Amino acid sequence: METITEQSLTQPWSREEFEAQLRAKSRRYHIHHPYHRAMYAGELNREQIQGWVANRYYYQIQIPIKDAAIMANCADREVRLHWVQRILDHDGHEGDAGGIEAWLQLAEAVGLKREEVIDQRHVLPGVRFAVDAYVNFARRAPWQESTCSSLTELFAPEIHQSRLDSWPDHYPWIKDSGLSYFRKRLSEARRDVEHGLRITLDHFRTREAQERALDILQFKLDVLWSMLDAMTMAYLHNTPPFHSCPDPVQSP
């Protein structure tokens, strides 16, 4: 016979308890990464800001691909009708140029040329690897699990607001027009959270499934944290990829 303690480890959390467990993952959100902490404290220089913007562009352009993969795996029409809005938010539609265009405007506002961001010349291998792992997860996992991985949006409004609050004071050289992406995502992220959270709370009903959901959310947090680790090495510690390798011998 199970003891009370053993039962407590296998009994599903209530809907409210499960949501609280998901939200508690905020302590691992990349807002706490030293790179972000330095950003909000005004401690980054122009190159470090530019490096972050150029690398995050790769994440931005992969988000609609990730969302298309979720839809391709989803047989629920009602879910697809809601989820498709995420693709439109990033890719744009009539009357809205979309989040990717807004990110390119941010890149120009921090002094990057549009073409050098689009051709991805600044994207670090560690960033590419982490983002590709996220997209590949969405392609292969059941759509409910991929939906759960998007729940880092629970914490996104705070990070967007912190940029809007701190950047104008710390980085006055960044044109205000470039901050439109963060303003746009404040409302979009809150809307997306409501839908994604409802799917997760409805689907993951057993304790084992709920624990799996927490692991999936942690995986996405790891993706975001790993991206910043790569940028820290390259832009804060001045050790970009292959910095210690000799230049290849030029053929005659």
Side-chain angles (χ1 to χ4, degrees), residues 12-26 29-31 56-104 131-161 180-206 209-221 223-224:
W13 288 307
S14 69
R15 194 177 182 90
E16 294 73 22
E17 290 170 335
F18 182 31
E19 180 175 345
Q21 291 284 341
L22 292 166
R23 291 186 180 277
K25 285 287 185 178
S26 64
Y29 193 47
H30 64 163
I31 196 171
R56 282 284 298 193
Y57 174 76
Y58 186 68
Y59 179 82
Q60 302 302 325
I61 62 174
Q62 295 299 321
I63 290 301
I65 296 173
K66 176 269 298 183
D67 288 325
I70 293 175
M71 291 181 60
N73 291 331
C74 179
D76 190 319
R77 178 175 178 269
E78 291 301 318
V79 171
R80 295 198 308 270
L81 283 172
H82 283 85
W83 207 268
V84 70
Q85 185 60 50
R86 297 172 182 245
I87 298 177
L88 298 175
D89 287 343
H90 277 79
D91 283 342
H93 54 88
E94 186 176 356
D96 184 352
I100 293 175
E101 172 59 28
W103 196 268
L104 287 170
V131 175
D132 288 351
Y134 179 39
V135 175
N136 287 330
F137 174 81
R139 286 180 174 141
R140 298 168 182 169
W143 67 267
Q144 297 95 334
E145 292 193 356
S146 301
T147 296
C148 178
S149 71
S150 296
L151 281 182
T152 48
E153 293 165 336
L154 284 166
F155 324 124
E158 179 184 0
I159 208 168
H160 295 316
Q161 189 63 58
S180 63
Y181 176 87
F182 307 129
R183 298 188 184 100
K184 187 173 186 290
R185 286 302 297 165
L186 280 174
S187 58
E188 291 174 352
R190 292 189 178 100
R191 179 206 63 208
D192 292 345
V193 161
E194 182 180 346
H195 183 225
L197 183 59
R198 184 169 67 251
I199 291 171
T200 297
L201 295 177
D202 287 345
H203 178 73
F204 296 88
R205 304 292 292 273
T206 68
Q210 292 169 338
E211 296 280 3
R212 168 66 177 164
L214 292 176
D215 288 343
I216 291 169
L217 183 53
Q218 183 60 57
F219 159 72
K220 174 60 182 307
L221 292 165
V223 166
L224 297 173

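Computed from a prediction, not measured in an experiment: that's the story for all the values here. Note: hydrogens, waters and symmetry copies are ignored here, and every other heavy atom, side chains too, is used.
A distance of 8.0 Å separates OG in S146 from CD1 in I216, rounded to the nearest 0.5 Å. The distance from atom SG of C74 to atom CG of L81, rounded to the nearest 0.5 Å, is 10.0 Å. Taking NE2 from H93 and CG from D91, the interatomic distance works out to 10.5 Å, rounded to the nearest 0.5 Å. Distance check: L197 CG to H195 NE2 gives 11.0 Å after rounding to the nearest 0.5 Å. The distance from the CG atom of D215 to the OG atom of S149 is 13.0 Å, given to the nearest 0.5 Å. For the atom pair Q210 CD and L201 CG, the distance stands at 9.0 Å (nearest 0.5 Å).
Judged by distance alone, with hydrogens and angles left aside, the side-chain atoms of Q21 form no donor-acceptor pair with the main-chain N or O of F18 at under 3.5 Å. The backbone N or O of T200 lies less than 3.5 Å from no partner atom in the side chain of Q144, so there is not a single donor-acceptor pair. For the pair D192 (side chain) and Q85 (backbone), a donor-acceptor distance under 3.5 Å is absent. Of the possible polar contacts, one joining the N136 side chain to the D132 backbone as a donor-acceptor pair under 3.5 Å is found.
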- Task: Dump the intermediate steps for side-chain contact (heavy atoms from CB on, under 4.5 Å) on R183 and Q161, then the final yes or no.
- Result: CA-CA 8 Å; R183 298 188 184 100; Q161 189 63 58; over 6 Å; no
- Please report the C-alpha distance between F204 and I199 in whole Å, then the side-chain angles of each, then the deciding distance to 0.1 Å, and finally whether the side-chain contact (heavy atoms from CB on, under 4.5 Å) criterion is met. CA-CA 9 Å; F204 296 88; I199 291 171; over 6 Å; no
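Counting all heavy atoms, side chain and backbone alike, E145 lies closest to F137 at O-CE2, 3.8 Å. Nearest heavy-atom pair, G196 versus L151, reported as atom, atom and distance to 0.1 Å: C-CD2, 3.7 Å. Between A133 and F219, the shortest heavy-atom distance links the atoms O-CZ, 3.8 Å. Across all non-hydrogen atoms, the minimal contact from N73 to A138 is ND2-O, 3.3 Å. Pairing each heavy atom of A102 with each of S180, the nearest pair is CB-OG, 4.2 Å. Nearest heavy-atom pair across W143 and I70 is CB-O, 3.8 Å.
Annotation: Y57 is not in aromatic contact with W103 [ring centroid separation under 6.0 Å not met].
Residues satisfying the ring-ring contact (aromatic ring centres under 6.0 Å, His included) criterion with Y59, sequence neighbours excluded, are absent altogether. Looking at residues two or more places apart in sequence or on another chain, you find no salt bridge (Lys or Arg N to Asp or Glu O under 4.0 Å) involving R205.
Here R80 does not pair with D67 in a salt bridge; the nearest charged N to carboxylate O distance is not below 4.0 Å. In summary, D89 and R191 engage in a salt bridge, as defined by a charged side-chain N under 4.0 Å from a carboxylate O. A salt bridge between E19 and R15 is absent, with no side-chain N of the basic residue lying under 4.0 Å from a carboxylate O of the acidic one.
In this structure, a donor-acceptor pair under 3.5 Å is present between the side chains of T152 and K220. Side-chain contact of K66 with S150: a donor-acceptor pair under 3.5 Å is present, judged by distance alone.
Atom CD of E158 is surrounded by 12 or fewer heavy atoms from other residues, nucleotides or ligands within 6.0 Å.
Side-chain contact between Q60 and E101: absent, with no pair of heavy atoms (C-beta onward) separated by less than 4.5 Å. Between D96 and K184, the closest side-chain pair of non-hydrogen atoms falls below 4.5 Å. At a threshold of 4.5 Å between non-hydrogen side-chain atoms, the residues F155 and L221 count as touching. The closest side-chain heavy-atom distance from T147 to W83 is below 4.5 Å.
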